[in-house]
Student: 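Okay, handing you the structure first.
Below, read A as the first sequence line, B as the second, and so on, with proteins coming before strands; counting in each chain starts at 1.
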Protein chains: 2
Amino acid sequence: MLLTKTKLDRDQRRELILDVAQEVFLEEGFANASMSVIAAKLGGSKGTLYNYFKSKEDLFNAYVERRCLWQDEIFAAPIGTETPEETLRRIARAYLKRVLTDFNLKNFRLITAEAERRPEIGLAFYNAGPRRGAERVAELLSGMQADGHLDLDDPLDAAHQFLGLAQNRYFKARLCNAIPELSEKQIEAEAKLAAKTFLRAFGKR
Amino acid sequence: MLLTKTKLDRDQRRELILDVAQEVFLEEGFANASMSVIAAKLGGSKGTLYNYFKSKEDLFNAYVERRCLWQDEIFAAPIGTETPEETLRRIARAYLKRVLTDFNLKNFRLITAEAERRPEIGLAFYNAGPRRGAERVAELLSGMQADGHLDLDDPLDAAHQFLGLAQNRYFKARLCNAIPELSEKQIEAEAKLAAKTFLRAFGKR
DNA sequence: CTCTTGTCATACCGTACGGTACGGTCATAT
DNA sequence: ATATGACCGTACCGTACGGTATGACAAGAG
């Protein structure tokens with residue numbers, strides 16, 4: 001059958017285009033990214049590119065949409081044998097490891113820069129990313145509270161505060177490109193510090 | 001005298017150009033800002049503009065330099081009659097009020113977006129801004145500890161954590177343009193929450 | 001075989017930009 | 001009065017971009 005065959009190829013190629021577009025957008029920013037070089041990197045022609053996406057904005061929207069589907073489990077539930085401190089450290093470590101990545105920061109700069117002119121893009125990203133993340137952490141903290149390990153007023157408030165404790169020192173610095181990617185040791189130290197302070201405030205004594 | 005007169009005018013005009021350039025850069029971003037519209041907004045000509053700054057990059061560098069000189073006293077020292085909680089709330093309130101401003105966020109997006117390609121810009125900004133701010137807070141916390149109000153391991157760690165507690169929930173959201181400017185009430189609530197948690201962790205009992 | 005469909009390559013259009021050049025104007029210093 | 005120097009307005013250059021059009025080629029369908 002022709003229809004199904006070409007249909008399949010079309011979706012595959014679309015993904016491939018988005019892969020290349022992502023690369024270029026992250027490296028150059030939206031304004032500086034060029035449809036011509038995207039087509040060239042594809043090994044294809046601009047005609048084909050415009051066959052799949054009707055404009056540069058359209059392509060960028062598709063990129064953002066795909067990026068916002070990202071939702072995986074950095075925040076795994078606590079394991080039975082873990083102490084509360086271990087659980088918090090593990091969460092903070094996984095979170096920092098993800099969020100301070102070069103890739104993640106490039107994406108973040110790209111989105112925020114474009115959110116200036118197009119708030120709906122920033123909103124979609126925020127809801128799928130930071131907002132969802134904080135809610136997930138709140139769920140975990142709720143569980144820990146139910147187990148009698150924590151003494152929280154409001155789990156969501158506490159989740160935001162915990163993430164703030166964990167990331168504040170390095171997130172801005174990394175966003176400003178003022179420091180290179182962190183070592184495992186640095187991440188571990190920061191995660192430890194965040195967990196310690198959080199438990200000093202909210203741990204059941 | 002001709003020399004001093006023209007010299008004075010030159011500095012004034014330079015500042016005026018930078019004012020206009022700032023406006024355009026913040027509104028359009030570096031890539032989208034146009035030297036022609038800057039000249040037009042000046043009421044002057046491109047020739048004059050290029051008489052003062054030899055290129056768009058040069059103009060942008062001058063803008064960043066001027067912005068990075070920013071250093072004032074959001075973080076005033078504690079007043080004699082204040083309780084520790086009041087001091088912390090006042091600091092957090094002043095900090096949030098400044099950092100969550102539309103203006104500040106536009107500047108932040110602009111700098112970080114450009115820091116991608118030119119790390120020295122991001123570094124200069126980070127050192128003059130977030131870094132310096134955290135150090136200032138650390139000094140204040142040190143003073144409070146000397147007065148017997150706090151029990152800290154490391155004042156700088158604590159300062160980063162305190163600022164993290166205060167800003168994490170709203171900073172990213174504002175950066176993504178996902179929420180509008182905060183009301184006084186919201187800022188007050190967040191400052192209160194941060195101070196409360198901080199004292200739960202580090203307050204002398 | 002022919003016809004269709006999607007792709008490639010390339011040339012092209014209009015536009016906008018950064019930056020330069022030039023001629024005219026106006027105020028001031030001598 | 002005249003010369004100097006800064007400014008304005010505008011036209012211009014080269015370049016690069018987003019986007020379109022065209023023609024050729026390859027592969028699968030009838």
Student: From CG of B:Leu49 over to P of C:dC17, roughly how many Å is that when rounded to an integer?
Tutor: 14 Å
Student: Measuring to OP1 and OP2 of C:dG6, would you say a side-chain N or O of A:Tyr52 lies under 4.0 angstrom away?
Tutor: no
Student: So does A:Glu188 pair up with A:Lys192, basic N to acidic O under 4.0 Å?
Tutor: no
Student: Is the shortest side-chain N to carboxylate O distance from A:Glu86 to A:Arg90 below 4.0 Å?
Tutor: no
Student: What does A:Ala39 touch in the nucleic acid at a heavy-atom separation under 4.0 angstrom: a base, only the sugar-phosphate, or nothing?
Tutor: nothing
Student: How close or far is atom P of C:dA16 from atom CG of A:Asn32, stated in whole angstroms?
Tutor: 18 Å
Student: Roughly, in whole Å, what's the span from OH in A:Tyr50 to P in D:dG19?
Tutor: 4 Å
Student: Are the charged groups of B:Arg66 and B:Asp19 less than 4.0 angstrom apart, N to O?
Tutor: yes
Student: Taking CZ from A:Arg10 and C1' from C:dT7, how many angstroms apart are they, rounded to a whole number?
Tutor: 11 Å
Student: Between B:Ser45 and D:dG9, is there a contact of a side-chain N or O with OP1 or OP2 at under 4.0 Å?
Tutor: no
Student: Do the side-chain N or O atoms of B:Arg14 get closer than 4.0 angstrom to the phosphate oxygens (OP1, OP2) of D:dA6?
Tutor: no
Student: Grab the CD1-P distance between A:Ile17 and C:dT7 for me, whole Å please.
Tutor: 8 Å
Student: Using a cut-off of 4.0 Å on non-hydrogen atoms, how would the nucleic acid contact of A:Ala40 be classed: base, sugar-phosphate, or nothing?
Tutor: nothing
Student: Does the base of D:dG9 carry an N or O that pairs as donor and acceptor with the side chain of B:Lys46 under 3.5 Å?
Tutor: no
Student: Decide ring-ring contact (aromatic ring centres under 6.0 Å, His included) for A:Tyr63 and A:Phe53; before the verdict, give the C-alpha distance in whole Å, the side-chain angles of both, and the deciding distance to 0.1 Å.
Tutor: CA-CA 11 Å; A:Tyr63 157 74; A:Phe53 300 93; over 10 Å; no
Student: Take the protein atom CG of B:Leu16 and the nucleotide atom C1' of D:dC7, then report the distance between them rounded to whole Å.
Tutor: 14 Å
Student: Between D:dG18 and A:Lys56, counting only base atoms on the nucleotide and side-chain atoms on the residue, is there a donor-acceptor pair under 3.5 Å?
Tutor: no
Student: Would you say a side-chain N or O of A:Arg13 is under 4.0 Å from OP1 or OP2 of C:dT7?
Tutor: yes
Student: Is there a side-chain contact between A:Ser34 and the phosphate of D:dG18, meaning an N or O under 4.0 Å from OP1 or OP2?
Tutor: yes
Student: Please figure out whether A:Gly47 or A:Phe30 has its closest DNA chain D nucleotide nearer the 5' end.
Tutor: A:Phe30
Student: For the pair made of CD1 in B:Ile38 and P in C:dG19, what is the distance, rounded to whole Å?
Tutor: 11 Å
Student: Taking any heavy-atom pair under 4.0 Å as a contact, classify B:Phe53: base, sugar-phosphate, or nothing.
Tutor: nothing
Student: So, A:Lys106 versus A:Gln22: side-chain donor-acceptor pair below 3.5 Å or not?
Tutor: no
Student: When you measure from the side-chain N and O atoms of B:Thr48 to the phosphate of D:dC7, is any distance below 4.0 Å, counting only OP1 and OP2?
Tutor: no
Student: Starting at atom CG of A:Asn51, determine the distance to atom P of D:dA21, rounded to an integer number of angstrom.
Tutor: 14 Å
